[in-house]
Trainee: 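Below is a structure I'd like to ask you about.
All values reported here derive from a predicted model rather than from experimental measurement.
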Amino acid sequence: MTVVVGWTPDARGHAALVRSAREALAHREDLLVVNATTGTAAVDDRFASSADVGEVQAMLESLGVEAQIRQAVARDIAEELVAIADEVGASLLVIGIRHRSPVGKLLLGSTAQRILLGAQCPVLAVKAADAPGR
């Protein structure tokens with residue numbers, strides 16, 4: 001089985017990555033790290049640079065976690081994460097979340113909410129405060 005994590009190079013992504021690594025180790029599963037953009041990779045600060053990817057690979061190797069990192073360009077991030085989780089038969093999908101005001105949710109929608117409602121596997125939503133040192 002595989003744990004899938006939606007990762008971004010920020011505090012929320014770090015929190016999700018740390019928790020997903022723990023889950024993969026605890027259940028002796030592989031880890032698939034997904035970093036996606038809607039096609040604006042040149043200006044999307046949530047799309048990881050090669051240096052960010054290298055740091056994540058080194059961290060996961062030091063923890064003894066078998067991991068793959070997949071970067072994707074997709075029309076919709078929520079749909080992409082759910083599709084990838086379905087594709088690999090994920091046992092768990094881990095995402096980082098942040099607090100948003102009710103007006104912010106109304107105007108911008110909620111990627112996390114769409115993932116929670118669309119995923120066929122369990123979803124673990126992690127707050128950035130859950131990550132040590134971040």
Trainee: With a 4.5 Å limit on heavy-atom distance, are the side chains of R70 and V33 in contact?
Mentor: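 They are not in side-chain contact.
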Trainee: Report the residue from V94, I69, V4, L60 that forms a side-chain contact (heavy atoms from CB on, under 4.5 Å) with L31.
Mentor: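 Checked V94, I69, V4, L60 against L31; only one passes side-chain contact (heavy atoms from CB on, under 4.5 Å): L60.
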Trainee: Is there a path of hydrophobic side-chain contacts, each under 4.5 Å between heavy atoms of I/L/V/M/F/W/Y residues, joining V123 to L17?
Mentor: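 No, because L17 and V123 fall into different hydrophobic clusters, even though each may have its own neighbours under 4.5 Å.
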Trainee: One pair to check against side chain to side chain contact (heavy atoms under 4.5 Å, CB included): I95 and R12. What are the steps and the verdict?
Mentor: CA-CA 8 Å; I95 58 172; R12 285 182 314 231; over 6 Å; no
Trainee: Can you confirm whether more than 12 heavy atoms, excluding those of E87, are under 6.0 Å from its CD atom?
Mentor: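 More than 12 heavy atoms, drawn from other residues, nucleotides or ligands, come within 6.0 Å of this atom.
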Trainee: Under the 3.5 angstrom rule, does the side chain of N35 hit a backbone N or O of R46 as a donor-acceptor pair?
Mentor: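 Between the backbone of R46 and the side chain of N35 there is a qualifying donor-acceptor contact (under 3.5 Å).
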Trainee: Kindly give the heavy-atom pair with the smallest separation between A90 and M1, and that separation in Å.
Mentor: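 Residues A90 and M1, closest heavy atoms: C-CE, 4.1 Å.
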Trainee: Atom CZ in R19, atom NZ in K127: separation rounded to 0.5 Å?
Mentor: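 Rounded to the nearest 0.5 Å, the CZ-NZ separation comes out at 13.5 Å.
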Trainee: Would you mind reporting whether D52 and W7 have side-chain heavy atoms less than 4.5 Å apart?
Mentor: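 SC-SC contact between W7 and D52 confirmed.
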Trainee: Is it true that a side-chain atom of Q71 and a backbone atom of A48 form a donor plus acceptor pair closer than 3.5 Å?
Mentor: yes
Trainee: Could you give me the CA-CA distance, side-chain angles and deciding distance for V5 and V34, then say whether side chain to side chain contact (heavy atoms under 4.5 Å, CB included) is met?
Mentor: CA-CA 6 Å; V5 58; V34 179; over 6 Å; no
Trainee: Can you tell if the side chain of L92 reaches within under 4.5 Å of the side chain of E29, non-hydrogen atoms only?
Mentor: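 No, their side chains stay 4.5 Å or more apart.
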Trainee: For P122 and S91, work out which heavy atoms get closest and say how close.
Mentor: CD-O, 3.3 Å
Trainee: If hydrophobic clusters are built from ILVMFWY residues whose side chains come within less than 4.5 Å, do L63 and V126 share one?
Mentor: yes
Trainee: Please name the pair of heavy atoms, one in C121 and one in A85, separated by the smallest distance, quoted to 0.1 Å.
Mentor: SG-CB, 4.3 Å
Trainee: Hey, could you give me the CD/CD1 distance between E79 and I115, rounded to the nearest 0.5 Å?
Mentor: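 So the CD of E79 and the CD1 of I115 are separated by 10.5 Å.
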Trainee: Locate the shortest heavy-atom distance separating G118 from V82; write the atom from each residue and the value.
Mentor: O-CG1, 3.5 Å
Trainee: What's the separation between atom CZ in F47 and atom CD1 in I77, rounded to the nearest 0.5 Å?
Mentor: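 So the CZ of F47 and the CD1 of I77 are separated by 9.0 Å.
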Trainee: Could you give the distance from CG (L124) to CD (E23), rounded to the nearest 0.5 Å?
Mentor: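 These two atoms lie 6.0 Å from each other.
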Trainee: Within this structure, what is the CG-OG distance for the pair L93 and S20, rounded to the nearest 0.5 Å?
Mentor: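 Reported value, rounded in 0.5 Å steps: 10.0 Å.
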Trainee: How long is the gap from CZ on R28 to CD on E66, to the nearest 0.5 Å?
Mentor: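 Output value for this atom pair is 13.0 Å.
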Trainee: Can you confirm whether T38 sits close enough to V73 that some side-chain heavy atom of one is under 4.5 Å from a side-chain heavy atom of the other?
Mentor: no
Trainee: State, to 0.1 Å, how close L25 and G64 come at their nearest heavy-atom pair, and which atoms those are.
Mentor: CD2-O, 3.8 Å
Trainee: Is a donor on one side and an acceptor on the other found under 3.5 Å between the side chain of D30 and the backbone of T2?
Mentor: no
Trainee: Identify the heavy atoms of I97 and A112 that sit nearest to each other, and give their distance.
Mentor: CG2-CB, 3.8 Å
Trainee: Do you reckon L117 sits in the same ILVMFWY cluster as L81, going by side-chain contacts under 4.5 Å, direct or chained?
Mentor: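 No; tracing contacts between hydrophobic side chains, which count when under 4.5 Å, never links both residues.
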